[in-house]
Amino acid sequence: PTPRSSVSPAPAPVTGIAGDPLKSMPYFNQESLQQRLQTLIDGAREGWTYAIFWQSSVVDFASPSVLGWGDGYYKGEEDKNKRKTASFSPDFITEQAHRKKVLRELNSLISGTQTGGENDAVDEEVTDTEWFFLISMTQSFVNGSGLPGLAMYSSSPIWVTGTERLAASHCERARQAQGFGLQTIVCIPSANGVVELGSTELIFQTADLMNKVKVLFNFNIDMGAT
Amino acid sequence: VADLPIARRNSLTRFLEKRKDRITSTAPYQ
């Protein structure tokens, strides 16, 4: 479906319930979220590496809302062969062994079978951005805290471009992203969560992306207040 | 994994499957 026809008109801000937040949002089941995230970056001129929807939920009504994992789409970066020209330091080899072990265990748990063998896909290098995306699934942010939490709190998009700016950020997630080779990270709030995009390329703010996000995720935010 | 919230479990499954497809369906590092 085209984005416009698939998005219901202007729903009131909805906040999910911790544990299974998507259940309370008929417009944002996970299949729909996945399609929207894919549409957002597959059709973009820019080379986005991933997109994540951080879902707002309430633990109890006396506490601030929490942004937890809603869904994510990992596209990957174009130039994956860069690493092939890099030297394989002992640290790199140790880190790769750790990542492959974790992926092997996750594969085994998901599939319910023992995995192994030299041809197993997990024996392929686990890139920095794959790892960053994977560990993102374990993270959550209190409203006002961290890059997604700040975007949610301020109701304004946050767009950070450049290694230096990411490294100098007060937000741990921005510094972490920079450490895993990302050069651009963007957080755009919605009524019920935050859309985050990351790229290993330098991407500067465009109205086009903001508009696509607005259409796909049906936002009511001040696009000028960045 | 069984204790993971459904959204994370679905995302993890999709990520692992797509990664496997990507690796097995493309010639490496052309």
Measure the CG-CG distance between L33(A) and N10(B) for me, rounded to the nearest 0.5 Å. 11.5 Å
Could you tell me which residues satisfy ring pair (Phe, Tyr, Trp, His ring centres under 6.0 Å) with Y153(A), sequence neighbours excluded, listed by chain and number? none
How many angstroms lie between atom CD of E130(A) and atom CG of L16(B), to the nearest 0.5 angstrom? 10.0 Å
Measure the spacing between CD1 of I110(A) and CG of L12(B) and express it to the nearest 0.5 Å. 4.5 Å
Once you round to the nearest 0.5 Å, how far does CZ of R8(B) lie from CG of D71(A)? 11.5 Å
Quick one: are F15(B) and M137(A) in side-chain contact, heavy atoms under 4.5 Å? yes
I need the K20(B) NZ to L103(A) CG distance, nearest 0.5 Å. 12.0 Å
What distance do K18(B) atom NZ and Y73(A) atom OH have between them, rounded to the nearest 0.5 Å? 5.0 Å
Charged N to carboxylate O under 4.0 angstrom, R22(B) versus E124(A)? no
Looking only at non-hydrogen atoms, find the nearest pair between G72(A) and S11(B) and report the distance. N-OG, 3.9 Å
